[in-house]
Structures are given as C-alpha cells and as structure tokens.
2 protein chains.
Amino acid sequence: MEPKSPKSDLPTLEDVARAAGVSTATVSRTLNSPDQVSEGTRSRVMATVRALRYSPNFGARALAAKRTNTYGAVIPTMENAIFARGLEAFQKVLVANGATMLVASSSYDPAIEEDQIRTMVARGADGILLIGTQRDPEIYDFLKERHIPVVIAWTGTGVTALSCVGFDNEDAAGKLAAKAIGLGHRRIAFISAYTRNNDRARDRVAGVRHALATAGLDPCDMPLLETKYSIQCGRDAFVELMHARPRPTLVMCGNDVLAAGAVRAAHELGLDVPADVSITGFDDIELATVISPALTTVHVPHRKMGGLAAEALLAQVRDNSAPKQTTLETHIVVRQSLAPPGSRTNEMAD
Amino acid sequence: MEPKSPKSDLPTLEDVARAAGVSTATVSRTLNSPDQVSEGTRSRVMATVRALRYSPNFGARALAAKRTNTYGAVIPTMENAIFARGLEAFQKVLVANGATMLVASSSYDPAIEEDQIRTMVARGADGILLIGTQRDPEIYDFLKERHIPVVIAWTGTGVTALSCVGFDNEDAAGKLAAKAIGLGHRRIAFISAYTRNNDRARDRVAGVRHALATAGLDPCDMPLLETKYSIQCGRDAFVELMHARPRPTLVMCGNDVLAAGAVRAAHELGLDVPADVSITGFDDIELATVISPALTTVHVPHRKMGGLAAEALLAQVRDNSAPKQTTLETHIVVRQSLAPPGSRTNEMAD
DNA sequence: TTGCCATTTGTAAGCGCTTACATCGCAAAT
DNA sequence: ATTTGCGATGTAAGCGCTTACAAATGGCAA
C-alpha cells in the first residue's frame, strides 16, 4: 500500500477509480457521457462518487477539456432594473443548462468594458454576453481571434457576423413619437441618456427625429438634453427644458428612470401631467406603474431577451451552430402620462 | 482528423519562455511575483508577453495554483434593487483587486440556494457571498470542510464563526415602530415578505412586535400579512388589511416595494396617505422617493455592505485572516408617508 | 583567496482531468 | 470453427501552469 497524499485533500478521480475498481477513464466517462458506460459499471461508479463525496476539480477539468462551462456577461450596470432583469433571465437559462455566469459591469465606460471583456476571456469564459454593438473593432477582432462566441443584446440593428437578440430601438421610439404627433403634439422635447457610447440611446433619438420629419416637422427644432441615468438627472433636465417659451407640450424620455424624474419635476413646478405637459418613458419597468400619473412607455421584453441570449450562446458553443440574429417585438403601453396637448400649456407660464 | 478545438493556437508560457530566452519558471515569476525577477529580465519577458499577446490559460493556472481568483455571490434575485446595488458594489471591489465574480440567484428557494452554493464551490470559487444566515447546517459543514471562506451579508445577528457584514434588522424596524408609536399610532398592521426562509424579514417583524410590547401594547394584536416581493402583492395585502374595523392607522411594510404597492392601493381606495393612513417602508431604494407621498423608511447602506463584504472575503482568502463581524448603522429617513394618526381615519369607513 | 550568503534563474515534478488509441470479450456472420 | 464488428474498458499522453529545489552568479567579509 502506497501512502497517499500527505494531507487530507479532496478525493480525486483516481481515488474514485481505485475505490470502484475501474480506470480513471471509466469514471470520467460515467460522469461526462454516461451512455458510453454499461449500466452496471455506471451505478457502481456513481455509488462510489457519492460515497466519497467526490466533486471534479474545476481547474483540471478546464485544462483538459478546454471548456469551463462558464459564460460571461458584461453589462453597463446591475443597478439598472432593465439589465438586472435581463441578467436574471440569462442566468436562469444558463443554470438550467448546467452552466455558470460571470458578471462584470462597465459603468458605461468603453475602456472598462474592454478590460472586462478581456478579463472574461482570460477567465476562460466559453461565451460572452454584450450589450449594444458599439465598441472598438479591435475588441471584436480579439474575440474572433480567440474564437469566443458572443451574443449582443438590446439592439437588433447592424449586427451580422455575431449572434444578437434585440429589438429595434429606433423603430420603437419612432412609433411612440408618431403616436404623440397623432395626438396633436408639435413641440416635443427629448431627454436622453448620453448617446456618445450608447447606440441604444442614439437610436431612440433618431427614431423620434425620423417621426418628426415624417410628420413634416423639423427634427432640428427638437430640444434635446443628454444626461446621466438617474431620477435626479431626469428631474434637472426637465426643469431646464421647461424654461423654453413656448414650452414643449411633450417631453419624451429615453428611459423610464429619466421619465420618473421628469414627472417629479413637473409636480414640483406645479405642472399637471398630462394636462399641462405630457411625458413618455421607454422600457416599461415597474417604476413606470407606481408613479402618478403612470407612464405611457415602450414595453421591452427584457427577460425574454436575456433568456434567448443565453440560449443563443449555448447553441453556438455546444452545437457549434452559426450566429443567429433575433429581433423581438416591442409595443407601446398606454397609461396616463401622455394625452393630447392641453389648453393650459401656455396660460400658466410665469 | 483536425481537432477543431477552438482556443488551440494560443501562445503558451513555454512559447514566451522560448522567445524571451528564459525558462518557463522565470516567465511565471515575472507574471506572478515580479519582484523576484531582475529588472532586465522582467522587461524583456514583459515585452515578449506583449509581442505574443500572451494570456495565461485559466484552467492550467487554477490547477497548478489551486486558486481561481473568482468569488461567488449567491443571492435571492438580481431583480431586487437592494441586491443589485449590493452586488454591483461587491463586484467593483473584486475587480479593483483583480478578481472576478460569479453570480447565481436562488429565487428565495433554500434547495436552489444550496445547489448554487455547491455549484460555486465546484466552479472553484475562492470565497462566497451569502445573504442572511438561515440555511441547512449541512451546507455550512460542507463549506467548512472545503475550507471555503464565506461572508454573510444583510444581517449581523447571530453570526460568530463566519465573516459577516450586516445590520440589525430587528433593531432598525423596532426603532421605526417606536417612532410611529410616539406619534400616536396604536393600531399598526404589518405587511411582510414571507418569513419562512427569510431571517431578515422575520427580524423586522420581531422588531416591531418588540416595540409594541415595550409601549405596553399587545404584539399579538398586530395584523400581519406575509406575501411575495412585488408591488402588486403589497397592493393586495394592503387592501385586505383595510377591511378591518377599526382600520389600522399605520401599515408598516417589510420593504419599500411592498410599501409602494400599499401606497398605490391606498390611492385606489380613495384614502389619503398619511392623513387617512400612514405607511412605512424599509430599505430606502429610489422607489421610495418617486412615489407620492414619498416613503418614510429605514435607510440601509446596501452599497457599503456589498463593498465591505468583498473586502472581508478578500482579506480572508489573501491574508488568511480570521472571520470578522461588521455591523453597519441604519437610520430612519423621514419623508411624507408617516404622520400622526389623522382625524378622518374612522369617519370615512363605509 | 576562500567561504558564505543573497539573489537570480533553471529543472522538472506534479496539479487532476479528458480522450485518442489499444485491448478485450463476445455475439453475429461466414 | 474462424472471422468480423462493436460495445465496454484500460492505458497513458498530454493540457499549461506553479513551485520546491537545485544551480549558478556575484558581492563581500574573513
């Protein structure tokens, strides 16, 4: 009897093999492809595995199999309900398929994002979830060179070589604007998240501009304020926009959080929503339903997007299938914050 | 046959060593403990690393070093702003220290949580973040046996052998209740998250009961409804509680989300908050500030908690330091939803 | 000069697992 | 009876890295 490793380490594949009276290959096979092992051997090995409370060593497995069963998600921030929702769904699907999720947030900073992506790859992620398409081409090359499957979420436009699960931000925003224009709004202002590194935000603005143009209005007349993602910022932006004379009859917001801030600001200014000014959001998170008036907004299927993204990624990795583009439908949710422009709009000034 | 193994042609440590004219050990050392290598060699090796765009293989490194630099977080759900906040902070500190975060959510299900914990360990997590203390002792044994450092967040009571970064849920809820009682409230009802597997929720209820008793009231008289974590559920619970006669003058809620639902229900019932009925929350998430009336609630330093949790874990792993218990302070945030019981409380019945 | 020590670098033994390939039985086919 | 084929199992070669230990080098006190 050879003495084993001096310290009481965890049982290894070899320990199991010895105890079960088979080779390590057989143990490995019963764990990874049970159908290649005969019924009898399989149950004997499994019993031993349980008896020894064996659990495969992650590093060794990753090294030998060149697979970690781990997927990375790089998102702007978890503190944004839309990403939290999507991530939760992404993670659920991963777990249901025996995989695990790595998460990193970039705070909307391209440099940090790039760093995080490289870290994910270095950590052996088998695939990566990214938000939006806009980023340095170099990082795409890096990913391609490393053969790391990628799925882009939150946008569906302009993606060809990669998988994506998104929706048409421009079209959705355009439709909401068109609806508002149909209600009689002509003086429309927009509060957007910073568009510099955010293709979704940019697309939404573009959609509204396009709707304006289609209705014969000049898109350049639309006051546009860009700001950070927070209720307070939405509030401040709204106050500033309300200084214009004549005032806008509608303030569209790039997301529900900014819209919530706008609604609050309106209250503070003594303006009634929607009688004095209409406000719209985008995303349809719970927040949109609890404020008063509740927000008319665009519903985005965040959970579905996250879930499908995981499936797309898994398919690429496990079945080595080709990238696939999926576009999801959005729809306008009509609540109380949008109404035809009211009569009090100008009289109440000052 | 050509093995289509994806990441096959990446440079290895050995490639770098050869190109730099040194041994693999030297390259490894330059990467992991640069101060053990002479200036000249170090720069030469680093240059080669950059030239070859070398990146260490994660599996090999984990196997040889028995470390992954990866930490797991097992939380109830990311769709809850309080956990999202905490996680974001946790992750940031990890990244700042060169580590990566694995995330799994349990949906408040102990069986799933246990599974996720085991998965994290199997995935080679160097440490794990857990929410609350209540779970099968067996899983704690498992963690101890595997020598996996753990940090418990969200509660600070009753933890001794493990690190924790939390606050006193019972005390905080008790103080808020005491304040309400001081304002004159006697008929207090409570809407709680399910307490069965949630020690935080249970502690909050206990705190209120304790305050009641201290004020000479019978804690058993307090109507208590347990429900799921959602605005809608808070709404339904509130409606049900309002059927009582005489009606409660204050409905305390175990968290802000339930409170937001309660406020909405009050509006629907034509009740003014706080004139007809007061409502309080717990957590102080943004939601508390955007609804009207804004919620009087307990502020919990979620981000700080997440950040400190990461530091506690890192300290245990890197410095092999002993578990440490940290208790954070909470404080009551006074807004508009709590006021002395009003005169209309009973008259409006019927 | 010699000896000793500190510093720098090299050698090589694993770490625990997967998997290509070899082997072995045994039933079906010839 | 011999051959063939195939499923089940074993053998052993790595996978790419870390690190204990050995070796080489050079400075300096004796």
Side-chain angles (χ1 to χ4, degrees), chain A residues 2-7 9-45 48-49 52-69 121-124 126 146, chain B residues 1-45 48-49 52-69 121-124 126 146:
Chain A
E2 293 300 296
K4 299 186 188 176
S5 11
K7 266 298 129 199
D9 259 1
L10 298 174
T12 69
L13 232 213
E14 199 175 336
D15 295 328
V16 176
R18 198 178 306 123
V22 296
S23 72
T24 59
T26 298
V27 178
S28 177
R29 278 189 288 252
T30 89
L31 256 25
N32 299 310
S33 36
D35 42 307
Q36 286 181 31
V37 177
S38 73
E39 168 61 32
T41 311
R42 195 192 314 154
S43 57
R44 186 156 37 96
V45 170
T48 312
V49 163
L52 298 185
R53 309 176 77 205
Y54 168 76
S55 170
N57 175 293
F58 177 70
R61 184 180 272 212
L63 177 57
K66 300 185 190 313
R67 272 263 194 110
T68 60
N69 243 318
V121 173
R123 282 293 185 283
D126 287 343
R146 297 295 227 249
Chain B
M1 284 291 124
E2 296 306 320
K4 59 169 180 165
S5 100
K7 323 164 189 178
S8 59
D9 46 355
L10 295 177
T12 69
L13 230 214
E14 202 178 334
D15 294 330
V16 176
R18 198 176 307 123
V22 298
S23 71
T24 60
T26 298
V27 178
S28 177
R29 278 189 288 253
T30 6
L31 260 24
N32 299 310
S33 36
D35 40 308
Q36 286 180 30
V37 178
S38 73
E39 168 61 32
T41 313
R42 194 192 314 153
S43 58
R44 184 156 37 98
V45 170
T48 312
V49 164
L52 299 186
R53 309 175 77 202
Y54 168 76
S55 169
N57 175 292
F58 177 69
R61 182 177 264 200
L63 176 59
K66 301 181 189 314
R67 273 269 194 103
T68 60
N69 242 318
V121 173
R123 281 294 187 281
D126 287 343
R146 298 293 228 250

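Chain letters run A, B, ... following the sequence lines, proteins first and then strands; every chain starts at 1.
- Partners of R53(A) under the salt bridge (charged side-chain N to carboxylate O under 4.0 Å, His left out) rule, at least two apart in sequence or in another chain, are E145(B).
- Legend: residues meeting side-chain contact (heavy atoms from CB on, under 4.5 Å) with T12(A), ordered by chain and number and at least two apart, are E14(A), D15(A).
- Residues satisfying the side-chain hydrogen bond (donor to acceptor under 3.5 Å, both in side chains) test with T68(B), not counting sequence neighbours, are D126(B).
- In the region residues 38-45 of chain B, proximity to DNA chain C at under 4.0 angstrom, judged on heavy atoms, holds for S38(B), T41(B).
- For N57(A), the side-chain hydrogen bond (donor to acceptor under 3.5 Å, both in side chains) criterion is met by no residue, not counting sequence neighbours.
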* Structure fact -> Under a 4.0 Å heavy-atom criterion, the protein footprint on nucleotides 16-23 of chain C, written with B, S and -, is BBBBB---

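- Annotation: side-chain hydrogen bond (donor to acceptor under 3.5 Å, both in side chains) contacts of N32(A) (sequence neighbours excluded): S28(A).
- Partners of T41(A) under the side-chain contact (heavy atoms from CB on, under 4.5 Å) rule, at least two apart in sequence or in another chain, are V22(A), T26(A), V37(A), S38(A), R44(A), V45(A).
- Taking R123(A) as the reference, nothing meets the salt bridge (charged side-chain N to carboxylate O under 4.0 Å, His left out) condition, with sequence neighbours excluded.
- End-to-end axis angle of the helix from dT1(C)-dA30(D) to dT30(C)-dA1(D), from C1' rotation axes over five pairs per end: 50° (rounded to 10 degrees).
- Expressed to the nearest 0.5 Å, how far CG of L13(B) lies from CZ of R18(B) amounts to 11.0 Å.
- Residues forming a side-chain contact (heavy atoms from CB on, under 4.5 Å) with S55(A) (at least two apart in sequence, or on another chain): A122(B), R146(B).
- For A64(B), the side-chain contact (heavy atoms from CB on, under 4.5 Å) test picks out no residue, with sequence neighbours left out.
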